[in-house]
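Counting starts at 1 for both ligands and their atoms, following the listed order.
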Amino acid sequence: MIISALKSSIASDERSPIHIDTIKTLVELGVEVWFEEDIGDGINVKNQTFVEAGLKKHSREDCLKNGNLIITNQALNNNDLEFVKSNTTILGMVNPFSNQDLINKCSSAKINLVSMEFIPRITRAQKMDVLSSQANLAGYVAVIESAKHLSTALPMMMTAAGTLKPAKVFVIGVGVAGLQAIATAKRLGARVEAFDTRDVVEEQVNSLGAKFVKIDLGETGETDQGYAKELTEEQINKQKELQSKVCERSDIVITTAQLFGRPAPMLIDNSTIDKMMSGSVIFDMAVESGGNVEGSEVDKVVDRNGVKIIGISNLASKVSSHASLALSNNYNNWIIDFFDSETSSINFDFEDEIIQSSVLVYDGKIKNERFQ
Ligand code: NAD
């Protein structure tokens, strides 16, 4: 079997789907591993280093034509797909909700498609969970980037020149990214408050030394996969009204609220922003999926009466080497679990919950009913 690893085709994505510290695992399977030339540019690994580790350097076209398993951090476009032969498996982050066309094309060309975004949230699959591995890093980056835009320091400092108060950080949405944002802001010495519609997270917030903001929205809850349920319009309005007081007193507000497969909820509107202190920062981590903050724009810092509204795409890419390491481990763990060493191929066992959930297209059939 040949495994081909592709370079990112989007300029803002510095991550590589293979990392030098993780390739031994693949090589030990007894497969050939090819990589697209310059794949390590964003993570400071030279082609030669991969070659010395036993990998083969090829053009993108050759990787696409010859790989039996193609690993990628992005959906392939139509030009790429032209080169991929039937029975090949594409595995990676393929953003399926925005790429129905890719799913259809893979089906008609009998290319198997594995979406790592659809790894189920079960204990056995945590090691493959790309959304969590990247969200964790994104939460860290959001705090660091917000701090850069603040004109004060985060920790309290008692100096001869006076006492400097700690910054107040408010995190909205306490999933994987939110928890890491809270932990990072706490480590930097900020005072942190947080809110989530899933009140089960209160204990996690408290255990990080932050304060959970209680807002009673009536019945909220989560899905069997742990994702938040969508709120009614009335509930959203109530949330906006009650959390606006916390925003007013915060130096940094980080919003992470997402709804799986749907646009993110709009949680901070201009009426709240206009009550915030000049110089404060709002970091919209949901900017790529519709945004939690009115006026936020992808890859821009918008200034509204002195309040800076930040939206950055591909946040994990800002710590590309760690992002790449984590992704490579996620992909490797999937491959190892389903690699059949006797036939040197992937065993698509549809009795397995991980295969059922993550394989969107197999043998020409769209397996996930959301995309049929
Ligand atoms: P996510 O990215 O889907 O959303 C981020 C957060 O936004 C969630 O906590 C969600 O509840 C919250 N949110 C949605 N609407 C909101 C609103 N109106 N106001 C405030 N917050 C709102 O979430 P995630 O990071 O995928 O995590 C969801 C849960 O799943 C977490 O508890 C996480 O620990 C858990 N999880 C479990 C596994 C596993 O068991 N394998 C893996 C990953 C995550």
Side-chain angles (χ1 to χ4, degrees), residues 93 95 97 116-142 170-183 193-208 210 212-244 246-247 250 253-269 272 282-294 315-316 326 329-330 333-334 337 353-354 357-358:
M93 292 174 77
N95 198 4
F97 290 110
M116 293 299 281
E117 291 94 336
F118 270 90
I119 290 295
R121 296 198 144 176
I122 54 173
T123 309
R124 187 166 63 90
Q126 273 178 346
K127 60 187 180 183
M128 307 173 192
D129 186 348
V130 293
L131 294 183
S132 295
S133 79
Q134 302 304 288
N136 172 51
L137 292 168
Y140 163 83
V141 171
F170 180 31
V171 177
I172 302 175
V174 189
V176 179
L179 280 173
Q180 185 55 255
I182 295 171
E193 296 181 276
F195 171 70
D196 197 297
T197 52
R198 295 177 306 116
D199 48 19
V200 290
V201 301
E202 177 171 357
E203 206 184 306
Q204 295 166 25
V205 170
N206 293 337
S207 73
L208 287 170
F212 188 74
V213 175
K214 289 199 192 234
I215 301 177
D216 185 5
L217 298 175
E219 181 153 353
T220 49
E222 59 184 21
T223 68
D224 59 350
Q225 293 281 302
Y227 292 111
K229 288 195 175 150
E230 195 167 10
L231 299 183
T232 62
E233 203 181 323
E234 201 182 320
Q235 284 174 312
I236 286 271
N237 287 339
K238 192 166 175 196
Q239 176 183 349
K240 279 186 188 166
E241 187 193 321
L242 297 174
Q243 79 187 5
S244 121
V246 189
C247 293
S250 301
V253 176
I254 296 177
T255 68
T256 81
Q258 302 269 7
L259 297 165
F260 189 69
R262 272 170 292 163
M266 177 58 67
L267 299 177
I268 298 188
D269 55 25
T272 296
I282 309 176
F283 197 105
D284 186 354
M285 287 190 68
V287 70
E288 286 174 283
S289 54
N292 293 144
V293 184
E294 189 169 356
L315 279 173
N329 277 326
N330 294 146
N333 286 326
W334 191 97
D337 269 23
E353 197 178 343
I354 299 175
S357 180
S358 61

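I172 and Q239 make their closest contact through CG2-NE2, 4.1 Å (heavy atoms, listed as atom of the first residue, atom of the second, distance). P120 and E353 get closest at one heavy-atom pair: CG-O, 4.0 Å. Considering all non-hydrogen atoms of both residues, L267 and Q243 come closest at O-NE2, 2.9 Å. Listed here is the closest heavy atom pair of M116 and M128: CE-O, 3.5 Å. The nearest pair of heavy atoms linking D284 to N292 is OD2-N, 3.0 Å. Taking every heavy atom of both residues into account, I182 and V174 meet most closely at CD1-CG1, 3.9 Å.
Where the criterion is an N or O separation shorter than 3.5 Å, residue side chain and backbone included, D129 fails it with respect to ligand 1. Below 3.5 Å of separation, one finds no N or O of I236 facing any N or O of ligand 1. Any N or O atom pair closer than 3.5 Å counts here, and D196 shares at least one such pair with ligand 1.
The nearest non-hydrogen atom to atom 43 (C) of ligand 1, considering only S133, S132, A264, comes from S132. Taking all heavy atoms of Q180, Q243, Q126 into account, the minimum distance to atom 41 (N) of ligand 1 is reached by Q126. Proximity annotation for atom 17 (C) of ligand 1: of T123, T197, N292, L131, T197 comes nearest, heavy atoms only. The nearest non-hydrogen atom to atom 27 (O) of ligand 1, considering only Q258, R121, Q235, comes from R121.
Rounded to the nearest 0.5 angstrom, D216 CG and L242 CG are separated by 9.0 Å.
Here the heavy atom of the protein found nearest to atom 13 (N) of ligand 1 is A257 CB, 3.8 Å. Looking only at protein heavy atoms, the nearest one to atom 33 (C) of ligand 1 is V176 CG2, 4.3 Å. For atom 23 (O) of ligand 1, the closest heavy atom belonging to the protein is G175 CA, 4.1 Å. The protein heavy-atom contact nearest to atom 29 (C) of ligand 1 is G226 O, 3.1 Å. With respect to atom 31 (C) of ligand 1, the closest heavy atom belonging to the protein is R198 NH2, 3.3 Å. Protein heavy atom closest to atom 18 (N) of ligand 1, with residue, atom name and distance, is Q239 OE1, 3.0 Å. The shortest contact between atom 5 (C) of ligand 1 and any protein heavy atom is with T256 O, 3.3 Å. Closest to atom 3 (O) of ligand 1, if we only count protein heavy atoms, is Y227 CD2, 3.3 Å.
Counting atoms of ligand 1 from 1 in the listed order, those under 4.0 Å from a heavy atom of V174 are 9 (O). Each of the atoms 18 (N) of ligand 1 lies under 4.0 Å from some heavy atom of L231.
Closer than 4.0 Å to atom 21 (N) of ligand 1 lies at least one heavy atom of the protein.
Among the candidates L231, D196, I215, the single residue satisfying the side-chain contact (heavy atoms from CB on, under 4.5 Å) test with T220 is L231.
A donor-acceptor pair under 3.5 Å links the side-chain atoms of Q235 to the main chain of T232, judged by distance alone. Under a 3.5 Å cut-off, the side chain of N136 and the backbone N or O of S132 do not form any donor-acceptor pair.
Using cut-offs of 30° and 60° for the angle between ring planes, the F97 and F118 rings count as tilted.
At a heavy-atom cutoff of 4.0 Å, ligand 1 is contacted by the side chain of L267 but not by its backbone.
The pair K229-E219 does not count as a salt bridge, with every side-chain nitrogen at least 4.0 angstrom from each carboxylate oxygen.
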